[in-house]
Amino acid sequence: MALATPVIQERKPIMTRPDPPPQLDTATASELLQRAREARNHAYAPYSRFPVGAALLAADGAVFAGCNIENAAFGLTNCAERVAIGNAVSQGARAFHAIAVVGPEDDVACAPCGSCRQVLHEFGPALLVVTPGGADGAPLVTSLRELLPGAFGPARLRGEVPE
Ligand code: THU
């Protein structure tokens, strides 16, 4: 028996409008990547052997670092980005400008996983995300809004419909 052809209803798109091209000067992006590499030195990743470092730049210029912390019960692993957020929020910071993330290789992009994108989104979709892997060895700068379009977040719980 043939299934009925689904009717695709016209709806207001839930996708948010893209931000203007991400703006972060190269010196700041490079410095933040360096802080992420330093944090990576503390990664506890005996199971994956995939050390990750993150450095979160707060709106007031403070930098909060994080590294991945694995566990013998594998599912309890904490990603570097979420450790950085926990570090920052537990010290009173809630407004952030950018986060740099580095995986095991200094020059290969390592984008935040889906869970980390959601956790970062809690503190604002305009957050810039810096990884290695840009043109000519420069940092690659993108925004969380690009990495997690149409995200569910606190605005939706307040009853606001994303623009
Ligand atoms: N990992 C992170 O720290 N951040 C990510 O966004 C991706 C994955 C960690 C988790 C685990 O310890 C290792 O990388 C391999 O998945």
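For reference, positions follow the sequence shown, starting with 1.
- Other members of the cluster containing V108 do not exist, because no ILVMFWY side chain is joined to it at under 4.5 Å.
- Contact of the S143 side chain with the P125 side chain is not registered, since no non-hydrogen atoms from C-beta on lie closer than 4.5 Å.
- Judged by distance alone, the side chains of Q34 and E38 do bring a donor and an acceptor atom under 3.5 Å apart.
- Side-chain N or O atoms of R37 include none that pairs as donor or acceptor with a backbone N or O of G53 at under 3.5 Å.
- Among residues at least two apart or in separate chains, there is no salt bridge (charged side-chain N to carboxylate O under 4.0 Å, His left out) pair with a member in residues 68-84.
- In terms of hydrophobic clustering, with Ile, Leu, Val, Met, Phe, Trp and Tyr side chains grouped at heavy-atom distances under 4.5 Å, L140 and L24 are assigned to different clusters.
- In this structure, the salt bridge (Lys or Arg N to Asp or Glu O under 4.0 Å) partners of R158, at least two apart in sequence or on a different chain, are E160.
- A continuous path of Ile, Leu, Val, Met, Phe, Trp and Tyr side chains, each step under 4.5 Å between heavy atoms, connects L120 with F96, placing both in one hydrophobic cluster.
- Through direct or relayed side-chain contacts under 4.5 Å between Ile, Leu, Val, Met, Phe, Trp and Tyr, I69 connects to Y44, Y47, F74, V83.
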Going through the distances and angles, do L57 and I99 end up as a side-chain contact (heavy atoms from CB on, under 4.5 Å)? CA-CA 6 Å; L57 177 62; I99 186 167; over 6 Å; no

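- No continuous path of hydrophobic side-chain contacts links L127 to L32 [ILVMFWY only; heavy atoms under 4.5 Å].
- The stretch residues 91-100 participates, sequence neighbours left out, in these side chain to side chain donor-acceptor pair (under 3.5 Å) pairs: N87-Q91.
- The two residues A93 and A58 make their nearest non-hydrogen contact at CB-CB, 4.5 Å.
- With sequence neighbours left out, F64 forms a ring-ring contact (aromatic ring centres under 6.0 Å, His included) with no residue at all.
- Inter-residue side-chain proximity for T26 and P139 is flagged as met; some heavy-atom pair is nearer than 4.5 Å.
- Counting only heavy atoms from C-beta outward, the side chains of V52 and V102 never approach each other to under 4.5 Å.
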